[in-house]
Amino acid sequence: MLVIRAIEDIPEQSIKKDDLFHLYLVDAHHHMGREKTHRNTPTGSYEFFQLLWFEMRRLAERAIERDELLFEPVDAIPTPFVAKIFSSRDSWSRMKHGWLVDRTIVFPYSDDYSKQNSDGSASFKISNDKIAGWTTRAPHSSRLIGFARVDPTDATRGDDDIAVRELDRAILDLGLRGLKLHPLAQLFIDELEDEMVQRVVYRAAELRIPVLFDTRNIRTVTRIHQLVTTMREDPRYQESIGNLKVILAHCGMSPASPKLYDVLKDPAFTADTSTLHDQDIPLLFEMASERVQPRNWSETLLFGTDYSFLSVQGAEFILQALSRDFPGDLSDVQRILGGNTLSLVQKPFNSGLESKALSKQMACPNTSGTLRSQVEDALVQIIHQSEWDLSSVDMMIPPKNTWPRVRSVGDGGYNGIHHDSYIVTLRNKSKGYESHLWIRENPGDVLTVASIRTRGKDSVRTTYYATANIGEEIIRHLTKNTNYEKEEAPFIGSIPKLLGR
Ligand SMILES: [Zn+2]
């Protein structure tokens, strides 16, 4: 998390000079794997984020001298549970840095595996396997979120559904959580509105995953919007097209074009800010804040770095969001730097593994005040047993369009990310099943740990933290199936039993 300090009183936001705030950062655009001279792994990402932090500090000093900033970046710190995970083994603790960015959306390059094999299997099949390997195992699964890539033009070299089937495999079996499409690299820029592209995009809508399109100019942006408009009018796509979420990479590299903001008025669209630098950034903020109404403008932009194609340019973007010129408040900053991307992903991790038969819960009063930390220690122990792996840690977030005011550290530090309510996905490697553990601090200082099926009616299907979103059915089911324990030690001791079959 990025720790910032108010440089002066900001009465319109009820902020006092020297108030500290925590911002949770998500990089929405990041490559992993290999393409020509580019190469990146999780270790490379964390080192890059450390560099990004140094660059930001350097630029911030100059900006403060010129009196441009409202907030000064003062530190980059991990969230407590993720810090515990990375501290729990020597080889992991060497990667305990780069905490400026908390979570990162990673997807393949156009790498050696981006082309179809002679055996007719899908393009990117091996790349998607590699992304899943990096993003769904401890410790990186607590910091990375994997997106798949497919090539819709596979349909021209085999049967119509190769790319759709690869998307299904990547999302439903591997547990990847979004799709990246690159019309330029995969050479379908002239066929952008073709049936083969529509099939892939529609499947993403059915799977309720976001689709990030590479866009290099406003013409491509307009054509992607046209593609979606056409699909909305097609009776074949009626049922699920409403779930479609499109991310325009690099803001179409067109922050000066009014057409970009016309497209962003459409609630299905957002844009990532990677590649924007210098005067493009204030221009983007100014035009978006004036032009995307009635939509809330700060819900349309996602911070992204495009590492390793780009390096530390992202530092300029973050500082511009902390500057006097930024046309919004800290809640807008938090949305753009991380909240919006988490809202797009919003489904807890789920791979093709079956889950346990029953969802059930344990509850215990937090007498010591450290009960959640003890639970986290127990979870770290569990993922060090050879039987278990950690597929993801997904914090609960505010329901769509309800991002709250960011509170100062002195006032609890709440920024919309619930460190006191999150879902841990654990995979039993030998028995081949997975389980969601929902760790939650409840009113009355009672901590609950629930073991929940990952699919079906009594599962938690969203990280939007509201009963209406999570579903009354699962909440009622858990309340009915709760074991109450008065003492902390036996409560902690029975966590492994919750996971057992
Ligand atoms: Zn990229």
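Just follow the structure's listing: the first ligand is 1, and inside any ligand the first atom is 1.
Cation-pi contact between Arg143 and Phe86: present, with separation from the ring centre below 6.0 Å and deviation from the ring axis of at most 45°.
Distances from the Zn ion (ligand 1) to each N, O or S atom of Asp306 single out OD1 as the nearest.
Taking the six-membered ring for Trp and thresholds of 30 and 60 degrees, Tyr307 and His30 have ring planes inclined between 30 and 60 degrees apart.
The Zn ion (ligand 1) has no N, O or S atom of Asp214 inside 2.8 Å of it. His182 lies apart from the Zn ion (ligand 1) in this respect, since none of its N, O or S atoms is found at a distance under 2.8 Å. Contact annotation: His29 places an N, O or S atom under 2.8 Å from the Zn ion (ligand 1).
The shortest heavy-atom contact between Tyr422 and Glu376 is OH-OE2, 2.7 Å.
Every residue two or more places apart in sequence or in another chain that forms a side chain to side chain contact (heavy atoms under 4.5 Å, CB included) with Gln13 is listed here: Ile10, Ile15, Asp329, Leu330.
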